[in-house]
Amino acid sequence: QALKQGTIEPIYFLFGPETYLRDQAARAIADEAMSDTLLREFNDISISLADGDAHAAVAEAEQLPMMSSRRVIRVTDFTKLDEDNEEILLAYLKRPVETSVVIFVTSDIDKRKKFAKTLMSGAAFEFAPLNDGELTAWARAHLKELKAEVEADVLRRIVELVGSDVRTLSNELNKLSAAALPSGKITMDLVEALVGRSRELMNWDLTDQMLARNRPRALQVLEQLLDDGAPPVMLIGLIGSTYRRLALARTLLSQGVSSREIFRQVPMPPFKQHGYLATLSRADSKTLARQIARIAAADLGIKTSKATPRMQVEMLVIELTGN
């Protein structure tokens with residue numbers, strides 16, 4: 001809204017894991033800032049600070065624009081800078097050059113640090129994953145631009161299959177709208193035939209990371225699934241099924257059953273079988289029994305406890321991924 005009114009800030013901070021909308025925002029800022037230039041390639045700069053030296057970004061920001069009223073500098077990979085280099089950027093933030101628009105872009109940042117707090121105090125915009133309602137609204141607007149039609153139940157199915165990544169959703173909608181020509185009507189049959197099941201793959205990712213004891217990644221995937229509207233009781237059922245299958249496979253392995261027979265009784269995609277066998281070799285039957293009992297307790301707790309279902313499943317994942 002500010003850009004439409006011609007208001008352009010000298011510093012922007014765009015952060016969060018939703019990269020598609022975040023990149024669109026950065027592009028919208030740059031387009032508005034560059035609206036009067038014929039030499040955009042000389043005035044629209046992207047710079048990474050992965051090498052840890054902030055001087056390069058400041059040098060770009062302090063250059064005068066070439067045949068343009070403004071210069072745009074996108075800055076990435078700045079979250080790991082040491083204090084000295086953060087101070088260099090902080091000094092610029094206090095006295096930004098009027099003819100430059102500096103856009104800081106990152107997926108995550110330590111909000112406790114002085115540099116982050118300074119960025120947050122200005123034109124800062126967070127791009128968090130969208131929930132199902134927001135995804136549906138965005139998808140309907142995007143399909144309108146594509147001049148495609150879709151029924152509400154079909155659109156819900158698309159969102160259910162794709163998950164919360166807007167970039168992937170955009171690609172799938174573009175593919176569907178092209179396949180729907182000449183009528184422009186997207187049908188359920190078309191969706192089932194063409195749309196990839198990225199949310200179902202995310203379910204795999206959750207249990208894979210749990211079995212690997214990768215607690216940070218498991219909690220990250222869990223949070224995204226919960227934010228997308230996945231019912232906690234369904235996720236506990238998924239986890240329970242995974243650990244019961246693991247216990248069955250571990251029993252078969254201890255009995256000397258061949259891997260071929262194991263994967264006949266515990267179906268597994270071929271590309272996962274080698275890693276699964278390695279997990280089985282590390283698994284302990286008594287530990288698995290305790291874990292399955294804990295999953296059952298969490299399932300009962302969700303149905304009878306006053307504690308929030310989200311907290312119950314989060315605590316379960318933390319306990320199961322412990323050492």
Side-chain angles (χ1 to χ4, degrees), residues 1-81 85-109 115-128 130 138 141-147 165-171 173-174 177-178:
Q1 291 175 350
L3 290 174
K4 289 179 180 179
Q5 296 170 2
T7 301
I8 303 176
E9 303 291 341
I11 305 290
Y12 287 92
F13 179 37
L14 312 180
F15 66 101
E18 177 36 64
T19 61
Y20 182 84
L21 297 180
R22 195 184 70 200
D23 291 347
Q24 276 198 328
R27 190 177 304 113
I29 295 167
D31 288 347
E32 185 63 30
M34 299 278 97
S35 61
D36 67 345
T37 183
L38 299 176
L39 297 174
R40 180 160 180 165
E41 62 272 23
F42 294 102
N43 296 293
D44 192 345
I45 308 298
S46 294
I47 184 165
S48 166
L49 300 186
D51 62 359
D53 186 1
H55 289 93
V58 174
E60 291 287 356
E62 290 180 341
Q63 284 191 37
L64 293 175
M66 182 180 295
M67 299 179 66
S68 172
S69 62
R70 291 186 182 87
R71 180 177 172 83
V72 173
I73 302 92
R74 295 178 179 84
V75 183
T76 60
D77 304 313
F78 53 87
T79 60
K80 303 298 183 182
L81 295 176
N85 280 281
E86 284 189 351
E87 287 296 331
I88 292 170
L89 294 179
L90 283 168
Y92 180 83
L93 295 182
K94 292 177 182 177
R95 294 181 296 276
V97 175
E98 292 183 359
T99 55
S100 289
V101 177
V102 182
I103 309 171
F104 290 90
V105 183
T106 186
S107 293
D108 194 19
I109 194 169
F115 179 57
K117 290 179 179 179
T118 303
L119 286 174
M120 294 287 293
S121 67
F125 302 91
E126 183 173 8
F127 294 84
L130 304 187
W138 185 90
H142 189 65
L143 287 173
K144 186 176 181 179
E145 293 178 3
L146 297 173
K147 295 181 171 56
D165 184 76
V166 179
R167 192 180 305 277
T168 302
L169 180 58
S170 173
N171 291 338
L173 293 176
N174 293 343
S177 64

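For the pair L38 and M67, the minimum side-chain heavy-atom distance is 4.5 Å or more. Looking only at side-chain heavy atoms (C-beta outward), I73 and S100 come within less than 4.5 Å of each other. Annotation: side chain of L81 is not in contact with side chain of I88 (no heavy-atom distance under 4.5 Å). With a 4.5 Å cut-off on side-chain heavy atoms, D165 and Y20 do not count as touching. Residues L119 and F15 fail the side-chain proximity criterion, which asks for heavy atoms closer than 4.5 Å. Residues L14 and I29 meet the side-chain proximity criterion, which asks for heavy atoms closer than 4.5 Å.
In this structure, the side chain of E18 engages the main chain of V166 through a donor-acceptor pair within 3.5 Å. The main-chain N or O of S48 is never found under 3.5 Å from a side-chain atom of D77 such that the two would form a donor-acceptor pair.
A 6.0 Å sphere centred on CD of E98 holds no more than 12 heavy atoms belonging to other residues, nucleotides or ligands.
For D31, the salt bridge (Lys or Arg N to Asp or Glu O under 4.0 Å) partners two or more places apart in sequence, or in a different chain, are R40. For R167, the salt bridge (Lys or Arg N to Asp or Glu O under 4.0 Å) partners two or more places apart in sequence, or in a different chain, are D23.
Taking a cutoff of 4.0 Å between a charged side-chain nitrogen and a carboxylate oxygen, D36 and R70 do not qualify as a salt bridge.
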